[in-house]
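Whatever order the structure lists them in is the order used to number ligands and atoms, beginning at 1. Bear in mind the structure is a predicted one, so any value in this text is a computation, not a measurement.
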Amino acid sequence: MKSYTLIGPFSQAVTMANLPLKGALSDSELQIITEAGILIHNEKIEAIGKFSDLQQQYNGANVMELKGKHVCLPGLIDAHTHICYGGTRAEDYAMRNSGKTYLEIAQAGGGIWDTVEHTRKASKEDLVKNTIKRANRHFKNGVTTIEVKSGYGLSVKEELKMLYAINDANKTCLSDLIPTCLAAHTKPNDFDGSNEEYLNEIYANLFPKLKEEKLTNRIDAFIEKSAFSPEQIQPYFKEAKKIGFDITVHADQFSTGGSMVAIHNNAISADHLEVSTQTEIESLAKSNTIAIALPGASLGLGCNFTPARKILDAGGALAIASDHNPGSAPMGDLLTQASILGAFEKLSNVEVLAGITYRAATALNLKDRGVLAKGMLADLSVFHTNNYNEILYNQGNLKPCMVWKNGKLAFDKHKS
Ligand code: NIG
Ligand code: FE
């Protein structure tokens, strides 16, 4: 029994259990256990229920008794970020707010290319250090799993450097990092050839290496006028799928086209979708592809939010991620952004929480987290309140007081 730890009582444990992957959700569907206990064994949740029942049932377990008000959520999951990078784009932000558009800045050699230059200049060790620093900040905000894209290397060698850095950072940071290859972010300015030739070079010379070195099992592409067209990406995704990679797409951010490619390729997610129309929304809802709203990019660029309400009402699956990156989404605060999206898009609290827990887990093909239930990883975000509604109501200002990862208390506000 000594390898069992019982934590509680929590005023509320919001389990996120037994909810559908797709469609609208109402707060009455939420399973909340009051005066709850969570029993942990070997990194996982062994049991969840009333604290007093578990105490009797597992007499002999270590008990970590909590005093005062505490609400427990599953560890939050950020399914889309670009937190491995060098440099800053504060100048871009200033220029955009003075009237230049994101695309104009990119076309003038700023934008993504600026970050590519700084990322290429950074050593792998610098990238590891920066990634850990950003991931650990997110961890303290309750995020226990973070997807991290490459895409600021844009050559076989530099993309590999980024993906090694993300994998190395994963070994020491507090959260789990899920690496994704975004070599198809845009054609680099120094590549002497067409978009097609660049993509050929990547799939011929980078994909086998990714597989061999087990650096990622996810391939992303930016489908946009300033990046790659649906036609250019199709052969790239075909090669990716042949190797068995999961597909994810930066879709419909400034112009439509990307989400249809995502659906056609049975992509695991289509992310952004700020300009998706009813046609794209309905097609997504009928598909297996999860829509990921990125409110941080809307806030960073000052543009419309993803039509999250419409996606849910059409029957789609909606996750919410921060898109934390130096260009379009510099804030990097998932809980704040998800709360704000909820207020603007009229999402129920359970829809918002689903988007940053189990629906986000599914968008990353992770079946062992996002829900508080027996057999799941004991990743817990705990807040100092007795009412889960306070968490989104405070729009990110109520931070977790404790965060557990794999059954270990890895952040305790009282001790930091
Ligand atoms: O998700 N849209 C393209 N890619 C990133 C932005 C990257 C950047 O501007 O550095 C995004 O918003
Ligand atoms: Fe992105």
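Note on R369 versus D176: salt bridge recorded, some NZ/NE/NH1/NH2 to OD/OE distance being below 4.0 Å. Ion pairing of E46 with K44 is absent here, as no side-chain N (NZ or NE/NH1/NH2) approaches a carboxylate O to less than 4.0 Å. Salt-bridge formation is detected for the pair K242/E239: a Lys NZ or Arg NE/NH1/NH2 atom is positioned less than 4.0 Å from an Asp or Glu carboxylate oxygen. The pair K405-E43 does not meet the salt-bridge criterion, since no charged nitrogen lies less than 4.0 angstrom from a carboxylate oxygen.
For Y236 and F228, the ring centers are positioned 6.0 Å apart or more. Ring centers of H324 and H80: at least 6.0 Å apart, outside the cut-off.
For ligand 1, the 4.0 Å heavy-atom shell contains residues H80, H82, R89, Y102, I112, Y152, H185, F222, H250, Q253, H272, D323, N325, G327, S328.
A donor-acceptor pair shorter than 3.5 Å cannot be found between the side chains of N304 and E274.
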Can you give each donor-acceptor pair under 3.5 Å made by side-chain atoms of residues 284-297, sequence neighbours left out, with the distance rounded to 0.1 Å?
from	atom 1	to	atom 2	distance (Å)
S287	OG	L284	O	2.7
S287	OG	T289	N	3.0
T289	OG1	A267	O	2.7

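Listed by first and then second residue, the side-chain hydrogen bond (donor to acceptor under 3.5 Å, both in side chains) pairs involving residues 327-342 are N325-S328, D333-T336, D333-K399 (not counting sequence neighbours).
Protein-derived N/O/S atoms nearer than 2.8 Å to the Fe ion (ligand 2) total 4, waters excluded.
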